[in-house]
Amino acid sequence: MKVFKEIRALKVFLKDIRLSKKSIGFVPTMGALHQGHMQLIHECKAKADITVVSIFVNPAQFNSAADFEKYPRIIDEDGKKLETAGCDVLFAPDPNEMYPSPTSINISFGHLDTTLEGAFRPGHFSGVALVVSKLFNIVEPDHAFFGQKDWQQFAVISKLVEDLSFPVQLHSVPTIREADGLAMSSRNLRLTNEQRATAPIFFQALTTARKMAQEKIAIPEIKIAIEELFAKHKSVTLEYFEIVDQQKLTTVKSIDDKQQLIICIAGWIGEIRLIDNIII
Ligand code: AMP
């Protein structure tokens, strides 16, 4: 596996790959790699000739300095995992390489970035769109892979690619979970044993709500059931729980079989914020 920290060297290398008519697949990550990331890499390898993975904890998408500082960074371990997975290229730039001077660009997506996550993390999706645009310009991938766990992120990136005509095909990969249902996440590394034992409550809430929705129980009743479930666990705080249209992310008043819906949830265990979703 080739490792690059500099944009220019990576671009020179990838230019040759492109000239040899090989397709480039790309998996952007913030590191602390788990099986969810590995699944993206697996699908990337199946689709493209060359797999490029980036590891960059992007300051522009954090709206809490403490969250940014405490984000797990285990680059040596990640490197070994990537070698084993057969990744061809790792791009791991320093913040100065990606942002040589403070950036002033602001990208907004209307409802798509002000609802759900956007309502609680102002500026988050602008930071995501900025770094993904930069990474797409640097790597110029034919294919890029993202996880369904960050459903809203995929909606925002799809719009970004459409609006700016990035010549890349996007792929959305199902969420990989622990045996007890907890969605794999780099932030899970920060959970204490006690918090880890409580964390499956998010998946439990999603499966309970999906069952109720399939039984045509009214949405306000579903919401009460979920609030009651969280009220039983004092160490967990529910931030939002919404049933929304899969594409527009607009909330719905009732379950309609004709509409494609998804249930999205976010909350806190101590200082750690977790998100998850499930398709109805
Ligand atoms: P992150 O390193 O958390 O920024 O995630 C990098 C990519 O991995 C994003 O596209 C995520 O949606 C995806 N991802 C994170 N967790 C999972 C998971 N449990 N299953 C599948 N994909 C995931």
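Each residue takes its place number in the sequence, starting with 1. Note that ligands are numbered from 1 as they come in the structure, with each ligand's atoms numbered from 1 the same way. Keep in mind that what you see is a predicted model, and the values were worked out from it rather than measured.
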(request) Report yes or no: does Lys134 contribute a side-chain atom to a donor-acceptor pair with the main-chain N or O of Met98 at less than 3.5 Å? (result) yes
(message) So, regarding Ile176 and ligand 1 (criterion: nitrogen or oxygen to nitrogen or oxygen, under 3.5 Å), is there a contact or not?
(response) yes
(message) Any heavy atom of Tyr71 closer to ligand 1 than 4.0 angstrom?
(response) yes
(message) Heavy-atom pairs closer than 4.0 Å: do any link ligand 1 to the side chain of Pro174, the backbone, both, or neither?
(response) backbone
(message) Are there over 12 heavy-atom neighbours, none belonging to Lys22, within less than 6.0 Å of that residue's NZ?
(response) no
(message) With a heavy-atom distance limit of 4.0 Å, tell me whether Pro28 approaches ligand 1 through its side chain, its backbone, both, or neither.
(response) backbone
(message) Under 3.5 Å, is there a donor on one side chain and an acceptor on the other for Gln39 and Glu43?
(response) yes
(message) Show me which atoms of ligand 1 lie under 4.0 Å from any heavy atom of Thr29.
(response) 2 (O), 6 (C)
(message) If the cut-off is 4.0 Å to any non-hydrogen atom of Thr175, which atoms of ligand 1 fall inside it?
(response) 19 (N), 20 (N), 21 (C)
(message) Looking at Phe68, I'd like to know if the NZ or CZ of Arg73 sits under 6.0 Å from its six-membered ring centre while staying within 45 degrees of the ring's axis.
(response) yes
(request) Run the numbers for me: atoms of ligand 1, each under 4.0 Å from some heavy atom of Phe146, listed by number. (result) 10 (O)
Hey, can you pull the donor-acceptor pairs under 3.5 Å for the side chains in residues 196-207, sequence neighbours left out?
| from | atom 1 | to | atom 2 | distance (Å) |
| --- | --- | --- | --- | --- |
| Arg196 | NH1 | Asp180 | OD2 | 3.0 |
| Arg196 | NH2 | Asp180 | OD1 | 3.2 |
| Arg196 | NH2 | Asp180 | OD2 | 3.1 |
| Thr198 | OG1 | Glu194 | O | 3.0 |
| Thr207 | OG1 | Phe203 | O | 3.0 |
| Thr207 | OG1 | Gln204 | O | 3.0 |

(message) Can you name the atoms of ligand 1, numbered from 1 with element, that are less than 4.0 Å from a heavy atom of Asp150?
(response) 11 (C), 12 (O)
(message) Using a 3.5 Å distance criterion without hydrogens, assess whether the side chain of Asn58 forms a donor-acceptor pair with backbone atoms of Gly127.
(response) yes
(message) Please classify the Met30 to ligand 1 contact at 4.0 Å (heavy-atom distances, strictly less than): side chain, backbone, both or neither.
(response) both
(request) Count the heavy atoms of every other residue, nucleotide or ligand shown that sit under 6.0 Å from CG of Leu164, and state whether that count exceeds 12. (result) yes
(request) Give the C-alpha distance, both sets of side-chain angles, the deciding distance and a yes or no for salt bridge (Lys or Arg N to Asp or Glu O under 4.0 Å) between Arg121 and Glu239. (result) CA-CA 11 Å; Arg121 304 187 68 187; Glu239 197 161 69; over 6 Å; no
(message) Measuring from atom 1 (P) of ligand 1, which candidate in His37, Arg177, Met184, Gln35 has the nearest non-hydrogen atom?
(response) His37
(message) Is it the case that atom CD in Gln246 sees more than 12 heavy atoms from other parts of the structure closer than 6.0 Å?
(response) yes
(message) Please work out, at 4.0 Å between heavy atoms, whether the side chain, the backbone, both, or neither of His34 comes within that distance of ligand 1.
(response) side chain
(request) Say whether Gly147, considering both its backbone and side-chain N or O atoms, lies within less than 3.5 Å of an N or O atom on ligand 1. (result) yes
(message) Under 4.0 Å, heavy-atom basis, I'd like to know which part of Leu40 is in contact with ligand 1: side chain, backbone, both or neither.
(response) side chain
(request) Return a yes/no value for Gln148: is any of its N or O atoms, backbone included, closer than 3.5 angstrom to an N or O of ligand 1? (result) no
